[in-house]
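Residue numbers count from 1 along this sequence. The analysis underlying the following values was restricted to heavy atoms, covering all of them including side chains, and did not include hydrogens, waters or symmetry mates.
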Amino acid sequence: MIAFPLGATTTPAELARDPHPRLAELRAHEPVSWLPALNGWLVTRRDLALDVMRDAETFTVDDPRFTTAQVVGPSMLSLDGAEHTRHREPFAAPFRPREVREGFAEFIEEETDRLLTALEPHGAADLRRDFAGPLAVAVVAKALGLVDADTATVLSWYDAIVRAVSDLTAGHAADPAGPEAYARLRAAVETTVAKGAAAAKGATVTKGTAAEAEGTAAETEGIEAEAEVSAVAEAEPSTTSLLTAAADRLTLPEVASNAAVLMFGGIETTEAMITNALLHLLRHPDQLALVRADSALLDSAVEESLRLEPGAAVVDRYATRDTNLGGAPICKGDLVTVSLAGANRDPAVFPDPDRFDVRRDNSRLQLAFAHGPHYCLAAHLARLETRIALRHLLDRLPALRLDPDRPTAPEGLVFRKPPALHVRWG
């Protein structure tokens, strides 16, 4: 194999802590580099990243090593071709631009106001855990129509699943809490579907019997209990949820795995978008002043923040055949990891790429939502949430500023955001 000296000395810890200096070196000298620490290739140049994500026949997600699938099973995220389409299409309709505006804008406005009303008197908060996370969870729960699971519960499931996927990506054993959390999510999904089906038929049973079925589903990871939950679920007099509708075209395990992916992506993407964008604005008072003076720049600020620090730093693919990419000899079966963080700071596309500039005219060319057939299904929803959240924060907390006693920075090998974002106002 051709020597890749920069890749040979690149460590997961370096990429998790502050990857951008090393990614810049790799992009300039080894744009497709072999990283022994990851046992795979890392692609950091934007044009090559696009080549990989567009070509699902040569670079597939459908491989037993795909980490998310190891935790939640096959889904739209880990399948390609006709199977990918079959899994994705039942969930697509509510996430189109018009449907997002009509179906979610009012709810997001109300939920944002509710969260800020609770926080405002305190004069300080961790806006990641006290605001961005709960908002993202509430919107995902609404999108899925998930019943009988409060915000704290869903957030705990999500945290555990993220940890397990991150562990596997870093080459460690998955935290067992991840599969356990997925089992609980799967039981909740099955209960939601069953209640939707029962409501459609006008069936009713007691809460106690439904709770017993949920417990059984959780214990068996929802596999043997599908029929039992469906038979005894309590009717809900509400409109058919996305999960119930998807169950008309997918099996219950398939609905659950895709719900996990939507929850996973929806919470992760939005929590990171809000937190990272706010951090960038508060770190750059001159840019914040521009946004406050011209609200039309808020969308640009969101795109520029996504460019500088995408919530998902990498996406994985696996070579289906021997090929050459940017001069690197890729062999069939090789892991090919696309660095979205690296591609987003490619100076060939983004001049002065490390600078946060809300007036940058091409920031929307960022790849934070990936590209090709696996472009993020809920990208429009994530943008809407972030725009509304930032607007309300800046309007209601005009003296908003970072807490100087509790500095922070984004971190993470796969998912990047600050562990906390402590701010003050008033």
Side-chain angles (χ1 to χ4, degrees), residues 61 65-79 84 87-88 90-92 94-95 128-129 132-146 149 151-170 174-190 192 221-222 241-243 246 250 253-276 306 310-316 340 368-370 374-382 385-386 412-417:
V61 297
R65 292 168 289 175
F66 196 82
T67 52
T68 305
Q70 292 182 48
V71 179
V72 305
S75 70
M76 68 178 86
L77 189 66
S78 59
L79 296 167
H84 169 255
H87 278 248
R88 183 177 171 113
F91 294 93
F95 299 110
R128 179 191 161 189
R129 276 311 193 200
L135 176 62
V137 173
V139 175
V140 165
K142 174 180 171 56
L144 295 178
L146 199 62
T151 297
T153 300
V154 174
L155 193 55
S156 70
W157 294 342
Y158 149 78
D159 281 338
I161 293 171
V162 166
R163 282 197 305 272
V165 172
S166 297
D167 288 342
L168 290 170
T169 303
D175 184 336
E180 291 168 7
Y182 175 60
R184 295 186 182 93
L185 170 64
R186 182 165 168 170
V189 167
E190 291 169 356
T192 298
E221 298 188 2
S241 78
L242 179 58
L243 300 178
L250 300 172
E254 289 170 343
V255 173
S257 63
N258 285 292
V261 164
L262 288 171
M263 183 187 82
F264 184 74
I267 297 172
E268 181 64 40
T269 299
T270 309
E271 184 185 47
M273 281 178 68
I274 296 170
T275 308
N276 288 339
L306 284 169
V314 297
V315 294
D316 287 346
L340 302 177
F369 293 112
H374 290 278
Y375 182 80
C376 177
L377 183 69
H380 298 298
L381 179 57
E385 287 178 72
T386 303
L413 177 64
V414 181
F415 306 108
R416 291 190 57 78
K417 57 182 175 288

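Smallest separation of non-hydrogen atoms from Ala256 and Val189: CA-CG1, 3.9 Å. In plain terms, the two heavy atoms of Ile161 and Ala181 that are nearest each other are CG1-CB, 4.3 Å. For Val140 against Leu262, the heavy-atom pair with the smallest separation is CG2-O, 4.4 Å. Here the closest non-hydrogen pair linking Ser156 and Thr153 is OG-O, 2.6 Å. Residues Ser241 and Gly145 approach most closely at CB-CA, 3.8 Å, considering heavy atoms. The shortest non-hydrogen separation linking Pro179 to Ala164 is CD-CB, 4.5 Å.
With a 4.5 Å cut-off on side-chain heavy atoms, Leu135 and Thr270 do not count as touching. The side-chain heavy atoms of Thr192 and Leu144, taken from C-beta on, include no pair separated by under 4.5 Å. Looking at Phe95 and His380, their side chains never come closer than 4.5 Å, going by heavy atoms from C-beta outward.
A ring-centre distance under 6.0 Å is found for Phe415 and Phe264.
Atom CG of Leu243 is separated from atom CZ of Phe91 by 6.5 Å, given to the nearest 0.5 angstrom. Once rounded to the nearest 0.5 Å, the distance linking CD of Gln70 with CG of Asp167 reads 11.5 Å. Taken to the nearest 0.5 Å, the OG1 atom of Thr269 stands 9.5 Å off from the CD atom of Glu385. We find the CE-CG distance between Met273 and Leu306 to be 4.5 Å, quoted to the nearest 0.5 Å.
At distances below 3.5 Å, at least one donor-acceptor pair connects side-chain atoms of Tyr182 with backbone N or O atoms of Ser257. Of the possible donor and acceptor atoms, one in the side chain of Asn258 sits under 3.5 Å from a partner among the backbone N and O of Met76. Remark: side-chain polar atoms of His374 are not paired, donor with acceptor, to backbone N or O of Ser78 under 3.5 angstrom.
The only member of Thr275, Asn276, Ile274 that meets side chain to side chain contact (heavy atoms under 4.5 Å, CB included) when paired with Arg128 is Thr275.
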